[in-house]
Structure formats: C-alpha cells, structure tokens
Amino acid sequence: MTYVIAQPCVDVKDKACIEECPVDCIYEGERSLYIHPDECVDCGACEPVCPVEAIYYEDDTPEEWAEYYKANVEFFDELGSPGGAAKIGNTHTDHPIIAVLPPQNQ
C-alpha cells in the first residue's frame, strides 16, 4: 500500500508534503506531484500538511479520484526508481490522466 496524490494538487503543487517526507519519495511533474509507490514507507507524514487535501492512503482515495492511483504508479514507468526526488527536480512531464486536464482553477 502507498499514498496517492489526487486531483486537488493539479496546478497547485504546494510542496509542503515534499518538505515533510522523510524518504524523499514525492516527485514533481509539470502540473502535479507524484508519490513513488516503491519508495514510500507509508509513514503518512505528507497527508496532514497538504493544504488542499490531495493526499490519500491508497484504500481511502475517493472513488472520483481512483484513477490517480494509476497515475502515481505509471508516472514512474519511464523514470524508474531514482532513489530520491531531490536530485531529480521537476521532471517537466505528467501522466496522461493529468496532462489532458484543463487548467484547474483552485
């Protein structure tokens, strides 16, 4: 199991979760942040600091955002497991589910 970043993060990317993550597993895309499912240790530190409540434990993700689990997992298909987001920085890419969304007015 892992945590998932859902739609409320799109076009916001507050990054408070990145500062809180003890294992540096939250990666930055162009429009959203993504939690690496293999690097996440399920500590939950990221969830309470998210100001837009975009982070959910996998099993608790609202049905309307269920596809964001897939987006968080598949985002790393090409990137792999670099072992830490800090050395990667903004990947300037997004999963197709997020890339096709219209601009989000938060």
### Task
Kindly write out the residues that satisfy side-chain hydrogen bond (donor to acceptor under 3.5 Å, both in side chains) with Glu58, not counting sequence neighbours, or none if the list is empty.
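So Glu58 forms no side-chain hydrogen bond (donor to acceptor under 3.5 Å, both in side chains) with any residue.
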Hey, are the side chains of [X] and [Y] touching, using non-hydrogen atoms and a 4.5 Å cut-off?
{"X": "Glu28", "Y": "Lys15", "result": "yes"}
{"X": "Gln104", "Y": "Pro102", "result": "yes"}
{"X": "Glu39", "Y": "Ser81", "result": "yes"}

### Distance, nearest 0.5 Å, that separates OH of Tyr56 from CD1 of Ile35
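CD1 of Ile35 is found 12.0 Å from OH of Tyr56.
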### Message
How long is the straight-line distance from OG1 of Thr61 back to OH of Tyr69, given to the nearest 0.5 Å?
### Response
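Interatomic distance, Tyr69 OH to Thr61 OG1, rounded to 0.5 Å: 10.0 Å.
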### Query
Does one side chain, of Gln7 or Glu64, offer a donor that lies under 3.5 Å from an acceptor on the other?
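Distance-only check fails for Gln7 and Glu64.
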### Query
How are the rings of Tyr3 and Tyr57 set relative to one another: parallel (under 30°), tilted (30 to 60°) or perpendicular (over 60°)?
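Tyr3 vs Tyr57 ring planes: perpendicular.
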Is [Y] reachable from [X] through a run of hydrophobic residues whose side-chain heavy atoms are each under 4.5 Å from the next?
{"X": "Leu79", "Y": "Val4", "answer": "yes"}
{"X": "Ile26", "Y": "Val49", "answer": "no"}
{"X": "Leu101", "Y": "Val73", "answer": "yes"}

Might you point out which heavy atoms bring [X] and [Y] nearest each other, and give the distance in Å?
{"X": "Thr2", "Y": "Asp42", "value": "CA-OD1, 3.2 Å"}
{"X": "Gly83", "Y": "Tyr27", "value": "N-OH, 3.6 Å"}
{"X": "Ile98", "Y": "Arg31", "value": "O-NH1, 3.0 Å"}
{"X": "Ile88", "Y": "Thr91", "value": "CG2-CG2, 3.8 Å"}
{"X": "His92", "Y": "Glu30", "value": "ND1-OE1, 2.9 Å"}
{"X": "Leu33", "Y": "Cys9", "value": "N-SG, 3.6 Å"}

If we ignore hydrogens and angles and just use 3.5 Å, is the side chain of [X] paired with the main-chain N or O of [Y] as donor and acceptor?
{"X": "Asn72", "Y": "Ile5", "value": "yes"}
{"X": "His36", "Y": "Gly80", "value": "yes"}
{"X": "Asp24", "Y": "Ala85", "value": "yes"}
{"X": "Glu78", "Y": "Phe76", "value": "no"}

### Query
Could you walk me through whether Glu47 and Asp60 pass the side-chain contact (heavy atoms from CB on, under 4.5 Å) check?
CA-CA 12 Å; Glu47 186 179 20; Asp60 298 332; 5.9 Å; no
